[in-house]
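Shown next, in structure tokens, is the structure this report addresses.
Both counts, for ligands and for their atoms, begin at 1 and track the order of listing. Heads up: numbering here begins at 1 and tracks the sequence.
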Amino acid sequence: RRRQQQDGALAGKSVLVTAGPTHEPLDPVRYLANRSSGKQGYAVAAALADLGAKVTLVSGPTMLRPPAGVTFVACETACQMLACVKAAAPFDAAVCTAAVADWRPEVQAGQKIKKTGRDDVPAPIRLVPNPDILAEISAQGPQRPALVVGFAAETEKVVEHASAKRQRKGCDWIVANDVSAGTGVMGGDNNQVILITAQGNERWPHMPKEDVAQRLASRMADWFAEF
Ligand code: CTP
Ligand code: CA
């Protein structure tokens, strides 16, 4: 019933969703990455499109099919993801679910890195920081989306760390989740989140990622209705 009431509630709104991991190449055949499946982000993109939003899904490499009715932009690295986001801006809202690699190898070898001998010691991999896409979107001045939502994956002190992240990055809402070993969140089908806004914290029940996505899309529609 609630969804029927909200039919078309985000019509005319353009929304960016970032999703998936990023891959940071070491050489043409190797990369650094993380365990993100992209499921939560793709579900958010689908839920926003269901409410009539014009969704741009900028995604790192995943095994998923882009949801119907969204503009899909594929990328690989964090730097590429930022470039794709900038090229598609501006947006009325942004939801950053991507598990962006925090660092990338300082040098990317043009050819496959070879062993030199049987007992050779590999050179250490030097890392440099990647751009923070959520922080950049949150600081965009007049082009800033009216509502910027981040996701925070934490393995301990979930609310404390996620609230600090909301402040540090300058986004409006943070969807915090516990990804510690045993929760099965990373790569799994369910999620247990806490929505953190300037008004306070709301713990949502353990539920499928699709339901988290629908509830978030619905909350965003309510926010725009009052905005
Ligand atoms: N994020 C981003 N670009 C980055 C890193 C993070 O856009 N380079 C976004 C994620 O999409 C997510 C939010 O920031 O919405 C929080 O990501 P997270 O990895 O939890 O935060 P970090 O600031 O990277 O902190 P840490 O990994 O140290 O916990
Ligand atoms: Ca991070």
Inset, instruction - Ignoring angles and geometry beyond distance, decide whether Ala99 reaches within less than 3.5 Å of ligand 1 through its nitrogen or oxygen atoms. - result: no
Inset, instruction - Of all the heavy-atom pairs spanning Ala176 and Ala162, show the shortest one and how long it is. - result: CB-CB, 3.5 Å
Inset, instruction - Run the contact test for Lys169 against ligand 1 with a 4.0 Å cut-off on heavy atoms, strictly below, and give the result. - result: yes
Legend entry - Residues which pass side chain to side chain donor-acceptor pair (under 3.5 Å) with Arg35, listed by chain and number, not counting sequence neighbours: none
Legend entry - Pro129 to ligand 1, any heavy atom closer than 4.0 Å: no
Legend entry - Check: Asp102 N/O within less than 3.5 Å of ligand 1 N/O: yes
Inset, instruction - Please determine if Ala152 has a nitrogen or oxygen closer than 3.5 Å to a nitrogen or oxygen of ligand 1. - result: no
Inset, instruction - Please indicate whether any nitrogen or oxygen in Gly150 is less than 3.5 Å from any nitrogen or oxygen in ligand 1. - result: no
Inset, instruction - Determine, for Glu202 against Arg219, whether the closest basic-nitrogen to carboxylate-oxygen distance falls under 4.0 angstrom. - result: yes
Legend entry - Within-cut-off N or O pair, Thr18 and ligand 1, under 3.5 Å: no
Legend entry - Any N/O pair Ala101/ligand 1 closer than 3.5 Å: no
Inset, instruction - Indicate yes or no: does an N/O atom of Asn130 lie under 3.5 Å from an N/O atom of ligand 1? - result: no
Legend entry - Listed protein N/O/S atoms, distance to the Ca ion (ligand 2) under 3.0 Å: Asp102 OD1, Asp102 OD2
Inset, instruction - Examine Ile133 against ligand 1 and note whether any of their N/O atoms are separated by less than 3.5 Å. - result: yes
Legend entry - Minimum-distance protein heavy atom relative to atom 16 (C) of ligand 1: Phe151 O, 2.9 Å
Inset, instruction - For Ala78 and ligand 1, answer yes if some heavy atom of the residue is under 4.0 Å from a ligand atom, otherwise no. - result: no
